[in-house]
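To start, the structure under review is shown below, and the notes come after it.
FYI, side chains are in, hydrogens and waters are out, and symmetry mates aren't considered; it's all heavy atoms of this structure. Numbering of ligands and ligand atoms starts at 1, following listing order.
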Amino acid sequence: MALALMTDLLREAEQHNKAVGAFNVADMEMIIGAIKAAETANTPIILQIAQARLVYSPFHLIAPMMVSAARAAKVAVAVHLDHGQTLDVIHSALDYGFTSVMIDGSALPLEQNIAITNDTLAAAKKYGAGVEAELGTIGGSEGGAEKKAITTNPETVKEFLRQAPADALAVAIGNAHGHYKGTPQLDFEALKTIHALTPAPLVLHGGTGISDEDFRRCIDCGIRKINIATANFDAFADGIRAYCARHDTPGFFGLHEAAVQGVYENVLRHIAVFNNEEKS
Ligand code: 13P
């Protein structure tokens, strides 16, 4: 297949009432595992990396690898910058060939969030790339300081998207990055209200730890992109840990295969839920 546009994948997801899995990756093993799962399931995915994680995965190394893997995949794969914080990194992602970028202006006052989202839209337009924005504040941490959650105010959604017409909108509805402290309590009423206010595809961050049933409810309420990061990192580490427990002198190639397999199984499991096939 080919490097795909996030906007095309989200449109197709909307038509079939499903969500596209957006899987955070940090190295070659994670990329290989995620794409192998997408190919096994014959389902498009989004490969993404958050700006805060570039300290571990230098952009000039990881970005070409993500784009190249997407180009070579047997299914459509979009490549996305997750939680872009600065316009210089947004520009770099677009130059590397990412087909969409997120600008996270959620910590800014509304007017500044609108302004930086519009700057990002202008930059992305030159590349035909899509833009994800965020309104409200998602709790937990995605590689930075813990954030205090602020539920997306449905009343501001329409005005925000009128002034900054992003291609996708990340919402805060009780979801949080990292491991949940207790059972996630998602605000489905808020999600339904937001969905009724806008045709924009909605994005669920903090996918790790959400139950399959809640994922399906979110999809039925307009979520079209679901982010999975922590579960992918855990699957990588668990795969290696299990391999080490079975081998007295673990070698590189066995560790490599264990990491790929761990990520593969995690991505495959999530894709099966996000395809929402029982209901379609
Ligand atoms: P988790 O780490 O909770 O899966 O969240 C992923 C995410 O939303 C990335 O932006």
Side-chain angles (χ1 to χ4, degrees), residues 6 10 19-27 30-31 33-34 37 45-57 62 66 78-85 89-90 93 98 100-107 120 130-152 166-186 191 201-212 214-215 218-219 223-238 262-263 265-271 273-274:
M6 177 189 77
L10 298 188
V20 185
F23 298 98
N24 289 63
V25 293
D27 75 349
M30 297 186 82
I31 295 172
I45 59 164
I46 298 166
L47 280 186
Q48 61 183 19
I49 185 161
Q51 180 170 341
R53 302 292 187 196
L54 298 179
V55 286
Y56 301 98
S57 313
I62 194 83
M66 291 166 74
V79 180
H80 176 77
L81 177 71
D82 186 30
H83 290 284
Q85 299 159 354
V89 173
I90 298 270
F98 280 35
S100 56
V101 288
M102 175 186 187
I103 179 69
D104 181 352
S106 61
T120 305
V131 172
E132 175 184 337
E134 179 175 327
L135 202 53
T137 306
I138 295 160
S141 159
E142 176 55 53
E146 284 268 327
K147 288 188 184 168
K148 192 176 165 342
I150 304 171
T151 302
T152 305
D167 301 290
L169 184 70
V171 290
I173 52 159
N175 47 324
H177 293 116
H179 292 290
Y180 285 87
K181 299 176 184 83
T183 308
Q185 303 294 335
L186 302 184
L191 182 56
L202 302 176
V203 182
L204 183 74
H205 284 242
T208 298
I210 292 181
S211 68
D212 294 357
D214 278 0
F215 278 137
C218 284
I219 293 167
I223 292 290
R224 297 290 163 240
K225 172 176 181 275
I226 301 179
N227 290 3
I228 302 289
T230 304
N232 242 10
F233 299 129
D234 288 351
F236 180 109
D238 290 348
V263 173
E265 287 171 14
N266 178 55
V267 172
L268 198 58
R269 185 188 96 62
H270 283 96
I271 288 175
V273 180
F274 300 164

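Note on ring orientation: taking the six-membered ring where Trp is involved, the planes of His177 and His83 are perpendicular (angle over 60°, cut-offs 30° and 60°).
Atoms of ligand 1 lying under 4.0 Å from at least one heavy atom of Gly207, given by number and element, are 3 (O), 4 (O), 5 (O). With ligand atoms numbered from 1 in the order given, ligand 1 contributes 10 (O) to contacts under 4.0 Å with heavy atoms of His83. Residue contact check: Thr230 has heavy atoms under 4.0 Å from atoms 1 (P), 2 (O), 3 (O), 4 (O) of ligand 1. The ligand atoms of ligand 1 that sit less than 4.0 angstrom from a heavy atom of His205 are 8 (O), 10 (O). Within ligand 1, the atoms closer than 4.0 Å to a non-hydrogen atom of Ile228 are 4 (O), numbered from 1 in the order shown.
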- Query: Is there a salt bridge (charged side-chain N to carboxylate O under 4.0 Å, His left out) between Lys225 and Asp82 once you walk through the steps?
  - Reply: CA-CA 12 Å; Lys225 172 176 181 275; Asp82 186 30; 5.0 Å; no
Run Val263 and Phe23 through side chain to side chain contact (heavy atoms under 4.5 Å, CB included) and show every step you take.
CA-CA 10 Å; Val263 173; Phe23 298 98; over 6 Å; no
* **Derivation and outcome, side-chain hydrogen bond (donor to acceptor under 3.5 Å, both in side chains), residues His205 and Asn175** => CA-CA 7 Å; His205 284 242; Asn175 47 324; over 6 Å; no
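Scanning the protein for heavy atoms near atom 3 (O) of ligand 1, the closest one is Gly178 N, 3.1 Å. The protein non-hydrogen atom at the shortest distance from atom 8 (O) of ligand 1 is Gly206 N, 2.8 Å. Counting only heavy atoms of the protein, atom 10 (O) of ligand 1 lies nearest to Asp82 OD2, 2.6 Å.
At least one heavy atom of Ala176 sits closer than 4.0 Å to an atom of ligand 1. Residue contacts with ligand 1 do not include Ala50, since none of its heavy atoms lies under 4.0 Å from the ligand.
In terms of modelled atom types and a separation under 3.5 Å, the side chain of Ser100 and the main chain of His80 share no donor-acceptor contact. Looking at Asn227, its side chain never comes within 3.5 Å of a backbone N or O of Gly206 through a donor-acceptor pair. The main-chain N or O of Ala231 is found under 3.5 Å from a side-chain atom of Thr208 such that the two form a donor-acceptor pair.
With a 4.0 Å heavy-atom cut-off, ligand 1 is reached by the backbone of Thr208 and by its side chain too. At a heavy-atom distance under 4.0 Å, only side-chain atoms of Asn24, from C-beta outward, approach ligand 1. Neither the backbone nor the side chain of Ala22 has any atom closer than 4.0 Å to an atom of ligand 1 (non-hydrogen atoms only).
Closest non-hydrogen pair, Ala37 versus Val267, comes out as CB-CG1, 3.6 Å.
If you take CG on Leu169 and CZ on Arg224, they are separated by 14.0 Å, rounding to the nearest 0.5 Å.
In terms of polar-atom proximity, defined here as any N/O pair under 3.5 Å, His177 does make such a contact with ligand 1. The shortest N or O to N or O distance between Ala229 and ligand 1 is below 3.5 Å.
If you run side-chain contact (heavy atoms from CB on, under 4.5 Å) between Ile228 and each of Ile271, Ile45, Asn266, only Asn266 comes through.
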